[in-house]
Colleague: 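The structure under discussion is supplied below as structure tokens; questions concerning it will follow.
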Amino acid sequence: PQLRAVRWPDCEYGSHSWELVVTVDHQHEEVQKEFLLRVTGDLHIGGVMLKLVEQIKKSQDWSDYALWWEQKKCWLLKTHWTLDKCGVQADAKLFFTTQHKMLRLRLPNMKTVRLKVSFSSMVFKAVSDICKILNIRRSEELSLLKQSEDTLKKKKKKDKNSKEPVTEDILNLCNSPVSSGLSGSPGLYSKTMTPVYDPISGTPASSTITWFSDSPLTEQNCSILAFSHPNCSPETLAEMYQPRTLADKAKLNAGWLDSSRSLMEQGILEDDQLLLRFKYYTFFDLNPKYDAVRINQIYEQARWAILLEEIDCTEEEMLIFAALQYHVSKLSLSSEAQDFTCESEVDEVEAALSNLEVTLEGGNASNILEDITDIPKLADNLSINQYLLSDVLIKQIHCFLVLCDLGCEIVPDVNVAAKKFGIKLLIPVADGMNEVYLRCDNETQYARWMAACVLASKGKTMADSSYHPEVHKILSFLKMKNWTMSPQAVSDPESIDMKPECFVSLRYTKKYKSKQLAARILEAHQNVSQMTLVEAKLHFIQAWQSLPEFGLSYYIVRFKGSKKDDVLGVSYNRLIRIDIATGDPITTWRFSNMKQWNVNWEIRQVAIEFDQNVSIAFTCLSADCKIIHEYIGGYIFLSTRSKDQNETLDEDLFHKLTGGQE
């Protein structure tokens with residue numbers, strides 16, 4: 001018999017095509033959710049989406065939609081890649097969903113905003129977009145934090161015992177053109193805008209409440225973000241998580257999201273709540289002219305850190321913080337009562353010229369020459385470790401300042417009322433830390449020596465232009481601590497309803513009666529009562545920065561070769577190994593001496609090499625090692641910033657320094 005060739009249909013045999021199931025995330029009840037597409041491995045992702053939209057047969061804007069691969073937890077955003085190149089096969093579960101979704105963010109001032117955020121962009125980019133919506137410059141200093149279960153347990157337990165349902169006041173910013181992925185305004189801030197603070201009253205100026213007509217920040221919304229609102233009650237404070245030990249403090253930093261991955265890749269779902277916080281404590285180019293919201297949010301983060309005892313301070317310092325909070329609260333309430341009128345247009349050219357004039361007046365050329373020719377000198381009689389040393393030994397004392405740059409920890413020991421002005425230097429040696437104690441005679445001497453130590457710890461000399469401002473800042477802080485009781489302060493009618501418990505941590509509400517606290521806060525308030533609103537906030541931030549523990553983020557680690565756990569403190573310029581039981585620093589390593597660092601992703605171990613053949617390695621027990629890796633790279637990245645950059649960031653460099661290779 002004659003043989004005949006039979007061609008079977010391509011869809012059944014002899015073809016490389018296969019069926020792919022895609023679930024579509026849409027709101028049309030009459031349209032099915034699941035679609036079956038016949039595809040081939042050489043079909044690109046864009047072609048898959050085109051086939052899918054044609055099959056859905058529903059007219060709508062699909063531009064924000066993309067494919068999410070559920071099993072691999074990744075977005076398929078490279079539309080020119082083929083299915084074979086992506087590794088997608090017939091068993092893949094793909095979701096066709098929007099890239100921008102609703103997210104609830106709790107800001108440093110404890111207010112919650114709800115807005116649309118890109119769930120497909122890297123977190124670094126998503127935070128940048130969020131900060132444009134909220135009018136916060138320098139977005140690289142912030143990140144998103146997922147609250148750990150341990151910090152939520154206390155609140156959940158309290159909520160169960162509460163009879164009344166808890167209703168949270170949420171600020172809805174979901175109509176923002178930036179957060180919707182549309183090409184709206186180029187951000188809500190500009191270097192050429194007029195000052196956002198009134199130069200006389202220190203309150204946000206009306207002309208800059210909202211700079212663009214399409215801005216989601218109305219006058220009321222901007223007020224919520226730029227003003228400090230009434231303090232919470234002691235009862236509310238008691239419900240919040242308060243760390244008692246270094247191990248507790250380590251829990252606060254366990255939930256930072258990976259900046260090099262998207263929200264969706266890290267298990268964040270639509271309408272979840274995250275914390276927006278300042279992660280890196282290097283507040284670059286902080287300018288009252290442009291940073292109304294930023295300054296207030298930094299102030300609020302500092303305030304809550306003090307109230308919840310996330311950072312330690314003395315009783316004297318707590319009263320200063322309380323006095324400044326009381327002053328800010330008074331001014332904020334009076335400022336909110338004012339009627340703001342919004343100007344229709346802002347003359348950017350005039351504002352730019354005004355800003356240039358201020359810059360030229362502030363940047364005096366004689367100051368630059370002074371840095372070079374007029375080098376300050378320290379020649380005093382000091383007591384070191386109880387021995388009185390005269391100025392003939394000043395060269396020897398300078399050796400201590402050199403040691404500051406080699407990993408020395410500087411701890412102030414000051415009590416203005418008792419006329420005690422001490423500086424404790426903890427100098428690393430082979431078997432731990434040696435303590436050197438400098439005792440100064442008065443405020444001025446202390447400020448000069450402390451400023452020299454602070455600069456030395458940053459690798460700078462007293463010839464640096466920041467020496468005199470540092471001395472002035474320290475003297476200003478000491479002046480706030482130096483107060484005497486005035487009958488007028490007690491009789492101040494506005495102080496009757498002060499509620500002093502709102503301005504101090506729970507430790508002091510238990511230690512003192514309400515009247516005693518009020519009297520002591522009013523004593524301290526006398527030295528700050530003439531400050532404007534912005535001055536008071538900036539002084540609060542500076543006082544916070546002066547605390548020994550400022551800027552330290554803690555993690556529980558196990559060093560290679562060690563049989564016990566330690567705490568690792570990560571700061572903007574150093575790493576500190578701390579005894580978990582006593583809290584005493586053991587060793588300090590400075591970033592300036594670091595040659596390289598890397599992570600062994602298989603055993604999750606961070607390894608760092610320093611100068612002079614010093615190397616360390618550790619595993620992180622309280623968080624993913626990627627968080628510490630990113631912290632180190634992030635601080636090094638931030639140290640490269642300069643005012644000449646015009647606020648543009650090298651995002652690729654950030655990811656190169658922080659991303660790692662898993």
Side-chain angles (χ1 to χ4, degrees), residues 105 107-109 111 113 115 117 123-144 173 176-179 184-199 202-205 207-212 214-217 221-228 259 276-302 346 348 351-352 354-356 358-359 362 533-534 537-538 540-542 545 551 572 634-635 637-651 653-654:
L105 292 177
L107 306 182
N109 66 346
K111 296 291 180 184
V113 297
L115 69 172
V117 177
V123 164
F124 185 83
K125 178 66 169 62
V127 170
S128 175
D129 291 341
I130 289 167
C131 287
K132 285 178 181 177
I133 297 168
L134 300 180
N135 197 9
I136 298 175
R137 292 197 311 150
R138 304 296 176 185
S139 63
E140 65 275 13
E141 297 169 357
L142 299 94
S143 192
L144 299 176
L173 299 177
S176 161
V178 178
S179 66
S185 65
L188 302 182
Y189 55 80
S190 167
K191 281 191 171 183
T192 58
M193 289 298 178
T194 51
V196 298
Y197 270 108
D198 185 283
T203 57
S207 61
T208 55
I209 287 294
T210 175
W211 289 328
F212 301 100
D214 58 0
S215 165
L217 287 179
N221 294 347
C222 186
S223 175
I224 291 173
L225 301 181
F227 271 117
S228 181
S259 296
L276 178 68
R277 293 290 184 269
F278 290 89
K279 177 179 180 179
Y280 300 101
Y281 295 90
T282 51
F283 309 126
F284 185 71
D285 189 26
L286 197 60
N287 192 329
K289 289 185 179 181
Y290 315 113
D291 293 325
V293 176
R294 184 179 173 212
I295 287 174
N296 187 60
Q297 295 300 327
I298 294 174
Y299 161 76
E300 287 287 345
Q301 185 161 325
V346 177
E348 290 206 0
S354 174
N355 184 46
L356 179 62
V358 171
T359 305
L533 181 61
V534 66
K537 289 180 182 178
L538 289 174
F540 192 101
I541 294 168
Q542 288 175 353
Q545 290 172 315
Y572 73 96
Y635 272 126
F637 170 76
L638 295 183
S639 69
T640 66
R641 293 181 296 180
S642 70
K643 292 186 179 180
D644 300 331
Q645 289 177 323
N646 196 27
E647 298 187 11
T648 56
L649 287 172
D650 188 344
E651 194 171 333
L653 177 61
F654 175 85

Colleague: Quick one: does Leu142's side chain get under 4.5 Å of Lys279's, heavy atoms only?
Modeller: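 No, too far: nothing below the 4.5 Å cut-off.
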
Colleague: Kindly give the heavy-atom pair with the smallest separation between Ser228 and Lys537, and that separation in Å.
Modeller: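 Scanning both residues completely, I find the closest heavy atoms to be N-NZ, 4.1 Å.
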
Colleague: State whether the side chain of Arg277 and the backbone N or O of Leu107 hold a donor-acceptor pair below 3.5 Å, judged by distance alone.
Modeller: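 At least one qualifying donor-acceptor pair exists.
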
Colleague: Using side-chain heavy atoms (C-beta onward) and a distance below 4.5 Å, is Leu286 in contact with Arg138?
Modeller: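 No, their side chains stay 4.5 Å or more apart.
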
Colleague: Run Tyr281 and Tyr572 through ring pair (Phe, Tyr, Trp, His ring centres under 6.0 Å) and show every step you take.
Modeller: CA-CA 7 Å; Tyr281 295 90; Tyr572 73 96; 9.8 Å; no

Colleague: Under 4.5 Å between any side-chain heavy atoms of Leu225 and Asn296, yes or no?
Modeller: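 Counting from C-beta outward, Leu225 and Asn296 never come under 4.5 Å.
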
Colleague: Please confirm whether Phe654 and Phe637 have ring centers closer than 6.0 angstrom.
Modeller: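 Judged by ring-centre distance (under 6.0 Å), Phe654 and Phe637 do meet the cut-off.
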
Colleague: With no hydrogens and no angle check, do the side chains of Glu141 and Thr282 hold a donor and an acceptor under 3.5 Å apart?
Modeller: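 No donor-acceptor contact under 3.5 Å links the two side chains.
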
Colleague: Quick one: does any side-chain atom of Asp650 pair with a main-chain N or O of Leu653 as donor and acceptor, under 3.5 Å?
Modeller: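 Yes; judged by distance alone, with no hydrogens or angles, the pair exists.
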
Colleague: Taking all non-hydrogen atoms of both residues, which atom of Glu300 and which atom of Asn109 are closest, and how far apart?
Modeller: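 Minimum heavy-atom contact is CG-CB, 3.4 Å.
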
Colleague: Mind checking whether Tyr280 and Tyr635 have parallel, tilted or perpendicular rings, split at 30° and 60°?
Modeller: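 Perpendicular: the ring planes of Tyr280 and Tyr635 meet at over 60°.
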
Colleague: Evaluate the criterion side chain to side chain contact (heavy atoms under 4.5 Å, CB included) for residue pair Tyr299 and Leu538; output intermediate values, then yes/no.
Modeller: CA-CA 8 Å; Tyr299 161 76; Leu538 289 174; over 6 Å; no

Colleague: Taking the side chain as every heavy atom from C-beta outward, state whether Glu140 and Phe284 have any atom pair closer than 4.5 Å.
Modeller: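 Glu140 vs Phe284: side chains apart.
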
Colleague: Salt bridge (Lys or Arg N to Asp or Glu O under 4.0 Å) for Asp285 and Arg137? Distances and angles first, verdict last.
Modeller: CA-CA 9 Å; Asp285 189 26; Arg137 292 197 311 150; 3.3 Å; yes

Colleague: Measuring from atom CD1 of Ile133 to atom OG of Ser139, what distance do you get when rounded to the nearest 0.5 angstrom?
Modeller: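 One gets 11.5 Å once the value is rounded to the nearest 0.5 Å.
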
Colleague: Under a 4.5 Å cut-off applied to non-hydrogen side-chain atoms, are Val113 and Leu276 in contact?
Modeller: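 No, every pair of side-chain atoms sits at 4.5 Å or beyond.
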
Colleague: As an exercise, state the distance from CZ of Phe283 to CD of Gln542, rounded to the nearest 0.5 Å.
Modeller: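 One gets 12.0 Å once the value is rounded to the nearest 0.5 Å.
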
Colleague: Is the shortest heavy-atom distance from the side chain of Ile295 to the side chain of Pro288 under 4.5 Å?
Modeller: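 The answer is yes, as the side chains (C-beta and beyond) meet within the 4.5 Å cut-off.
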
Colleague: When you compare the side chain of Leu144 with that of Leu105, does any pair of heavy atoms fall below 4.5 Å?
Modeller: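 Yes, at least one pair of side-chain atoms sits under 4.5 Å.
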
Colleague: Using a 4.5 Å cut-off on heavy atoms from C-beta on, say whether the side chain of Phe124 contacts that of Leu649.
Modeller: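 In short, these two side chains touch, coming nearer than 4.5 Å.
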
Colleague: Where the side chain of Asp291 meets the backbone of Asn287, is there a donor-acceptor pair that is under 3.5 Å apart?
Modeller: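 The answer is yes, because a donor-acceptor pair under 3.5 Å joins these two groups.
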
Colleague: Rounded to the nearest 0.5 Å, how far apart are OG of Ser259 and NZ of Lys125?
Modeller: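 That separation rounds to 14.0 Å.
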
